[in-house]
Chemist: 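Below is the structure I would like to discuss, written out as structure tokens.
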Amino acid sequence: MSKIILVTGGAGHVGSHIIEQLIQKNPEDKIISLDNYSNGSKDNHIIGAEYREGHTKDIDKLIPETPNIVFHLGEYARITPSFDDIEKVYDQNIVGTFAVVEFCRKKGVGKLVYAASSTKFATNGEERNANPYSFSKAMNVDLINNYGHWYNLPYAICYFYNAFGPREKGTSKYATLIAKFEQQYLNNEPFTVIKPGTQKRNFTYVGDLARGIILTAEKGNGDGYTLGNIKEYSITEIAQAFGGPINYIDGYPGRTESGEAPNKAREELGWNTTVDILDYIKEFVANHPQNK
Ligand SMILES: NC(=O)c1ccc[n+]([C@@H]2O[C@H](COP(=O)([O-])OP(=O)(O)OC[C@H]3O[C@@H](n4cnc5c(N)ncnc54)[C@H](O)[C@@H]3O)[C@@H](O)[C@H]2O)c1
């Protein structure tokens, strides 16, 4: 039987890949995106999905349907600028997500699947309060877990590690690292690395994240589905993979490393990654010889 699937943040980076894979998997399903385009783009639209423009806090008005599954990704999604954008973080992530969770409870949505942030596990769990973004994401994990206990809300929580891959944004203050480095490479500029450069990240291919969250929607229950590459690389190693030179700058370096996290996606669902970031960079460099 065909399903109605809502993807909040469907015009964003990871959301657009989820929609693409959902349509490939079952073209009969009705896929709706709800996005306020605060960081999304119409260039990310996938043929076959229906796009509605609006804030998640207006979900009751904008989504009269009762979806079988809600993938909830439509939130403010960047760490460093979140200090300056705390009002947006509160509005988009706390106010907006409360409305999404309530919508799921009242409508009896089949499953709410949340894209949480792995920052929650870093530095023995202290990182959950390190910046407005991580705080909001960890609060929403608590909220959704509580709705599971209080109201028997069917849900599953995935934790993403740093996404890379097609449709990643390289410009604006919401640009992500690999796309920013690709831009600097193409412009023959030095790679800007926030000191000390030894901070490590588990860069994870966006197609693997999308496959993982869809698998979690199909078979997962509750908290603990981390979706991250096992290998971690320092930011300096990543800049060197593009060929350097590096310009070290002062700034907010974020977590030093990722910390211990639950591993239900691999253990229960057999999920794994298929693309390593260094191979991806190697291919990018081979396909874009520099005009020095
Ligand atoms: N990219 C990562 O490495 C990463 C890591 C951990 C968690 N996540 C989470 O995954 C989700 C997707 O991340 P992304 O990198 O694709 O970000 P993104 O900014 O590309 O996508 C988020 C989308 O949601 C939209 N949006 C934001 N607030 C909204 C609101 N209140 N109502 C409606 N739409 C709204 C934006 O316009 C954007 O299109 C986010 O929830 C993010 O916190 C991402």
Side-chain angles (χ1 to χ4, degrees), residues 6-20 32-45 51-59 61-63 70-82 85 87-101 103 113-122 127-128 131-141 144 157-179 201-210 212-213 225-229 254-255 258 261 277:
L6 173 66
V7 181
T8 70
H13 183 218
V14 187
S16 68
H17 286 268
I18 296 174
I19 290 180
E20 192 170 32
I32 306 167
S33 162
L34 174 62
D35 200 302
N36 65 357
Y37 297 85
S38 53
N39 196 36
S41 165
K42 295 199 169 147
D43 296 341
N44 292 341
H45 285 188
Y51 288 86
R52 297 190 194 161
E53 184 162 353
H55 194 301
T56 47
K57 67 187 171 193
D58 300 320
I59 189 168
K61 203 170 58 203
L62 297 164
I63 311 291
V70 172
F71 289 93
H72 181 39
L73 288 87
E75 294 190 326
Y76 184 100
R78 300 292 173 257
I79 292 176
T80 308
S82 74
D85 284 345
E87 284 181 30
K88 275 190 199 160
V89 176
Y90 190 85
D91 180 49
Q92 292 176 204
N93 296 11
I94 305 293
V95 178
T97 295
F98 178 65
V100 172
V101 177
F103 169 90
V113 188
Y114 182 55
S117 166
S118 58
T119 51
K120 187 184 126 160
F121 303 113
E127 208 73 21
R128 65 169 281 150
N131 56 75
Y133 166 75
S134 300
F135 167 73
S136 73
K137 298 294 286 189
M139 283 236 324
N140 288 340
V141 166
I144 294 166
I157 298 174
C158 288
Y159 296 86
F160 291 170
Y161 288 72
N162 295 60
F164 71 90
R167 303 199 277 274
E168 187 177 349
K169 248 191 187 173
T171 51
S172 96
K173 71 174 185 180
Y174 304 127
T176 37
L177 188 88
I178 301 302
R201 298 290 182 269
N202 302 66
F203 291 97
T204 307
Y205 186 63
V206 66
D208 290 333
L209 291 176
I213 198 170
Y225 295 89
T226 54
L227 302 174
N229 207 309
R255 61 198 183 276
S258 302
I277 183 62

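Counting starts at 1 for both ligands and their atoms, following the listed order.
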Chemist: Please confirm whether S16 approaches ligand 1 to less than 4.0 Å, judged on its heavy atoms.
Modeler: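 The answer is no, since S16 has no heavy atom less than 4.0 Å from ligand 1.
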Chemist: With a cut-off of 4.0 Å, which atoms of ligand 1 are near a heavy atom of A115?
Modeler: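 Atoms satisfying the 4.0 Å criterion: 9 (C), 10 (O), 41 (O).
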Chemist: May I ask whether R78 places a heavy atom under 4.0 Å from ligand 1?
Modeler: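 Contact check R78 vs ligand 1: positive.
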Chemist: If the threshold is 4.0 Å, N to carboxylate O, is there a salt bridge linking R78 and D85?
Modeler: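 No, R78 and D85 are not salt-bridged.
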Chemist: Write out the residue and atom name of the closest protein heavy atom to atom 31 (N) of ligand 1, then the distance separating them to 0.1 Å.
Modeler: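 Nearest protein contact, heavy atoms only, for atom 31 (N) of ligand 1 is T56 OG1, 3.1 Å.
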Chemist: Check this for me - ligand 1, L73, N or O atoms closer than 3.5 angstrom, yes or no?
Modeler: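 Yes, there is a polar N/O contact under 3.5 Å.
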Chemist: Stepwise, does the side chain to side chain contact (heavy atoms under 4.5 Å, CB included) test hold for V113 with Y225?
Modeler: CA-CA 10 Å; V113 188; Y225 295 89; over 6 Å; no
Chemist: Taking side-chain contact (heavy atoms from CB on, under 4.5 Å) as the criterion, tell me which of V101, T97, I157 meets it with H72.
Modeler: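 Exactly one candidate clears the test, T97.
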Chemist: Taking the six-membered ring for Trp, are Y174 and Y76 closer than 6.0 Å centroid to centroid?
Modeler: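 Y174 vs Y76: aromatic centres under 6.0 Å.
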Chemist: Is it the case that ligand 1 has an N or O less than 3.5 angstrom from some N or O of S117?
Modeler: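 Checking ligand 1 against S117, no N or O pair falls under 3.5 Å apart.
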Chemist: Within the 4.5 Å heavy-atom criterion, are V206 and R167 side-chain neighbours or not?
Modeler: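 No. Closest side-chain heavy atoms not under 4.5 Å.
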Chemist: I want to know if ligand 1 touches G40 in the polar sense, i.e. an N/O pair below 3.5 angstrom.
Modeler: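 In this structure, G40 places an N or O atom under 3.5 Å from an N or O of ligand 1.
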Chemist: Using distance alone, decide if ligand 1 has a nitrogen or oxygen within less than 3.5 Å of any nitrogen or oxygen in H72.
Modeler: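 No, there is no polar N/O contact under 3.5 Å.
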Chemist: Among protein heavy atoms, which sits nearest to atom 20 (O) of ligand 1, and what does the distance come to when rounded to 0.1 Å?
Modeler: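 Atom 20 (O) of ligand 1 sits closest to the protein heavy atom H13 N, 2.8 Å.
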Chemist: Looking only at heavy atoms of A163, does any of them come nearer than 4.0 Å to an atom of ligand 1?
Modeler: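 Distance cut 4.0 Å: A163 passes for ligand 1.
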Chemist: Please identify which atoms of ligand 1 are closer than 4.0 Å to at least one heavy atom of Y37.
Modeler: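 Matching atoms, with element in brackets: 37 (O).
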Chemist: Side chain or backbone, does S118 bring an N or O within less than 3.5 Å of an N or O on ligand 1?
Modeler: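 It does not: no N or O of S118 is found under 3.5 Å from an N or O of ligand 1.
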Chemist: Just going by heavy-atom distances, which of I79, T176, N39, V89 is nearest to atom 19 (O) of ligand 1?
Modeler: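 Checking each option, the heavy atom nearest atom 19 (O) of ligand 1 is found in N39.
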Chemist: Is the closest heavy atom of D35 to ligand 1 under 4.0 Å?
Modeler: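 For ligand 1, residue contact (heavy atoms, under 4.0 Å) with D35 is present.
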Chemist: Using a plain distance cutoff, I'd like to know if F160 has any nitrogen or oxygen under 3.5 Å from a nitrogen or oxygen of ligand 1.
Modeler: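 Between F160 and ligand 1 (N or O atoms, distance only) the closest approach is not under 3.5 Å.
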Chemist: Can you find a heavy atom in the side chain of S136 that is under 4.5 Å from one in the side chain of E75?
Modeler: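 They are not in side-chain contact.
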Chemist: Which of the atoms of ligand 1 are close to G54, meaning less than 4.0 Å from one of its heavy atoms?
Modeler: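 That gives atoms 32 (N), 33 (C) of ligand 1.
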Chemist: Do the ring planes of F203 and F164 sit parallel (below 30°), tilted (30 to 60°) or perpendicular (above 60°)?
Modeler: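 Geometry flag for F164 against F203: perpendicular rings.
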Chemist: Supply the atom-to-atom distance D35 CG to T8 OG1, rounded to the nearest 0.5 angstrom.
Modeler: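 Rounded to the nearest 0.5 Å, the CG-OG1 separation comes out at 8.0 Å.
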Chemist: In terms of atom number and element, which parts of ligand 1 are under 4.0 angstrom from non-hydrogen atoms of Y76?
Modeler: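 Contacts of ligand 1 toward Y76, numbered from 1: 27 (C), 28 (N).
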Chemist: Using side-chain heavy atoms (C-beta onward) and a distance below 4.5 Å, is T56 in contact with V95?
Modeler: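 Not in contact.
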Chemist: Are the side chains of N162 and L177 in contact, using a 4.5 Å heavy-atom criterion?
Modeler: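 SC-SC contact between L177 and N162 ruled out.
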Chemist: A side-chain contact here means heavy atoms from C-beta on lying under 4.5 Å apart; do K137 and Y114 qualify?
Modeler: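 Yes, at least one pair of side-chain atoms sits under 4.5 Å.
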Chemist: Examine ligand 1 and decide if any of its atoms is less than 4.0 Å from a heavy atom belonging to S41.
Modeler: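 Per 4.0 Å heavy-atom rule, S41 does not contact ligand 1.
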Chemist: Looking at ligand 1, does Y159 have a heavy atom less than 4.0 Å from it?
Modeler: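 False for this residue.
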Chemist: Heavy atom of Y133 under 4.0 Å from ligand 1?
Modeler: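 Per 4.0 Å heavy-atom rule, Y133 contacts ligand 1.
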Chemist: Report the nearest protein non-hydrogen atom to atom 35 (C) of ligand 1: residue, atom name, distance rounded to 0.1 Å.
Modeler: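 Scanning the protein heavy atoms, the shortest distance from atom 35 (C) of ligand 1 goes to N36 OD1, 3.1 Å.
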Chemist: Before accepting this row, confirm whether a basic side-chain N of the pair K42/E53 lies closer than 4.0 Å to the acidic partner's carboxylate O.
Modeler: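 Between E53 and K42 there is a salt bridge, with a charged N closer than 4.0 Å to a carboxylate O.
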Chemist: Please report whether ligand 1 has a polar contact with G12, defined as an N or O pair separated by less than 3.5 Å (distance criterion only).
Modeler: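 Among all N and O atoms of G12, at least one is under 3.5 Å from an N or O of ligand 1.
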Chemist: If you measure from OG1 on T204 to CG on L227, what distance do you get to the nearest 0.5 Å?
Modeler: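 Output value for this atom pair is 8.0 Å.
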